[in-house]
Amino acid sequence: MKVLARDFYDREPATVAKDLLGKILVRRLGNGILSGRIVETEAYYGKDDPASRAYKGRKPFNELMFMNTGKTFIYMVHANWLLNIVAHKQGQVGGILIRAIEPLKGTETMLKNRKTKDMKDLTNGPGKLTKALAVTKDLNGIDVTKRDSEIVIVEAKGEDFETGSSHRIGVKHDLPQPLRFYIKQNKFVSKS
DNA sequence: AGGAAGATCTACT
DNA sequence: GTAGATCTTCCTA
């Protein structure tokens, strides 16, 4: 099980977002491990991106996006925690929003966290997956390139899949280019 | 104090 | 499938 290194995140957000598909997100809890395969992501930029948290410049709450790559950036929208990974080239700003995962390990705990019995409904949305994995602001800024962090992203075994792309979901002012990426025909990608 | 924010749930047609 | 209420922070005034 190989943890993705920092240089993986030191690239264009859109490139990282696409390459993140199929990788495994690991959530380490005190008692066990939850994990899932990343099936849907979105790239966000800095001041050129009206939908980005960093659009209006550096603020205390978003400064993580300006700093070290490979760290989590977690914030709340509409009563949901959303999980991002900071990723951008040196001197730039950006991040990847994890929108959906396919549950692998610890599904029983996830079902309990989500209070549902429906597997399909478990992690097919950005707010749902954080709830299922017990991700909150407490985990903001942790380093996903360190093997012993509470959240880690690891290399997956080479399974082939087709990737699709589209405009981002739910954003008021999107950019012209498609910045959402997902694995085609995976039932855990959030639909809309 | 007020409002906006990368969404979700529920309840209908 | 679509529409509407409502969820909780953090920013800006």
Side-chain angles (χ1 to χ4, degrees), chain A residues 9 12-21 23 25 27 36 38-67 69 71-88 92-103 110-142 144 151 153 163-183 186-192:
Chain A
Y9 303 98
E12 275 300 303
T15 312
V16 179
K18 201 161 151 200
D19 285 355
L20 232 28
L21 293 176
K23 302 292 189 288
L25 179 69
R27 164 89 241 251
I38 297 171
V39 298
E40 184 180 352
T41 60
E42 281 178 4
Y44 285 84
Y45 287 79
K47 69 172 171 30
D48 297 326
D49 184 354
S52 172
R53 288 273 119 152
Y55 183 47
K56 294 207 168 146
R58 182 166 178 154
K59 299 282 158 52
F61 84 101
N62 67 17
E63 65 180 358
L64 272 169
M65 281 185 83
F66 293 75
M67 310 200 309
T69 55
K71 302 213 168 173
T72 57
F73 174 47
I74 300 172
Y75 56 89
M76 161 109 19
V77 175
H78 291 67
N80 296 287
W81 294 110
L82 305 195
L83 173 62
N84 297 255
I85 312 295
V86 180
H88 54 78
Q92 301 197 307
V93 186
I96 316 302
L97 169 68
I98 313 286
R99 285 193 58 85
I101 65 174
E102 174 184 339
M110 295 190 211
L111 288 168
K112 212 169 73 190
N113 290 343
R114 286 272 300 128
K115 299 193 165 93
T116 180
K117 287 192 282 186
D118 187 356
M119 280 295 286
K120 282 207 310 286
D121 200 42
L122 200 52
T123 53
N124 62 338
K128 297 181 184 176
L129 113 221
T130 53
K131 214 164 283 168
L133 299 185
V135 171
T136 68
K137 180 89 185 188
D138 292 347
L139 301 176
N140 196 20
I142 70 170
V144 300
I151 297 179
I153 298 180
T163 76
S165 63
S166 79
H167 70 87
R168 293 175 295 188
I169 291 182
V171 310
K172 277 228 181 94
H173 307 292
D174 204 358
L175 295 174
Q177 68 254 217
L179 290 173
R180 170 179 176 245
F181 305 95
Y182 56 94
I183 295 182
N186 185 292
K187 38 182 196 292
F188 292 96
V189 311
S190 70
K191 222 191 146 181
S192 54

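Below, chains carry the letters A, B, ... as their sequence lines are ordered, and counting in each starts from 1. Just so you know, these numbers use all the heavy atoms, side chains as well, and skip hydrogens, waters and symmetry mates.
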A/Tyr9: which residues meet the ring pair (Phe, Tyr, Trp, His ring centres under 6.0 Å) condition with it, sequence neighbours left out?
none
Quick one: list whatever passes side-chain hydrogen bond (donor to acceptor under 3.5 Å, both in side chains) with A/Thr116, sequence neighbours left out.
none
Figure out the OH/C1' separation between A/Tyr55 and B/dA5, and round it to whole Å.
15 Å
Assess, by modelled atom type and distance only, whether the side chains of A/Glu102 and A/Thr123 contain a donor and an acceptor separated by less than 3.5 Å.
no
Sidechain-backbone polar pair: A/Ser52 side chain, A/Tyr44 backbone, donor-acceptor under 3.5 Å
no
Taking all non-hydrogen atoms of both residues, which atom of A/Leu21 and which atom of A/Glu40 are closest, and how far apart?
CD2-N, 3.7 Å
Using the ring of A/Tyr75 (Phe, Tyr or Trp, six-membered ring only), decide whether A/Arg53 places NZ or CZ under 6.0 Å from its centre and within 45 degrees of its axis.
yes
Distances under 3.5 Å between protein N/O atoms and the N/O atoms of nucleotides 9-12 of chain B, please, pair by pair.
{"residue": "B/dC9", "atom": "OP1", "partner": "A/Arg114", "partner atom": "NH1", "Å": "3.1"}
{"residue": "B/dC9", "atom": "OP1", "partner": "A/Arg114", "partner atom": "NH2", "Å": "3.3"}

Under a 3.5 Å cutoff on both atom distances, Watson-Crick or G-U, what's the dot-bracket for DNA chain C ([ ] crossing, | other strand)?
||||||.|||||.
According to ring pair (Phe, Tyr, Trp, His ring centres under 6.0 Å), who are the partners of A/Tyr45, at least two apart in sequence or on a separate chain?
none
Axial cation check for A/Tyr182 ring with A/Arg180, 6.0 Å and 45° limits
yes
In terms of side-chain heavy atoms, does A/Lys128 have a donor or acceptor partner in A/Asn124 at a distance below 3.5 Å?
yes
Where protein sits on nucleotides 8-13 of chain C, one letter per nucleotide: B base, S sugar-phosphate only, - none, heavy atoms under 4.0 Å
BSSSS-
Can you tell me if A/Asp174 uses its side chain to pair, donor with acceptor, with the backbone of A/His167 under 3.5 Å?
no
By nearest heavy atom, map A/Gly125 and A/Lys172 onto DNA chain B; which one lands nearer the 5' end?
A/Lys172
Spacing of A/Ile169 atom CD1 relative to B/dA5 atom P, expressed in whole Å:
17 Å
If I take atom OH in residue A/Tyr44 and atom P in nucleotide B/dA5, what distance separates them, rounded to the nearest angstrom?
12 Å
Syn or anti for C/dG4, please, going by whether the chi angle lies within 90° of 0.
anti
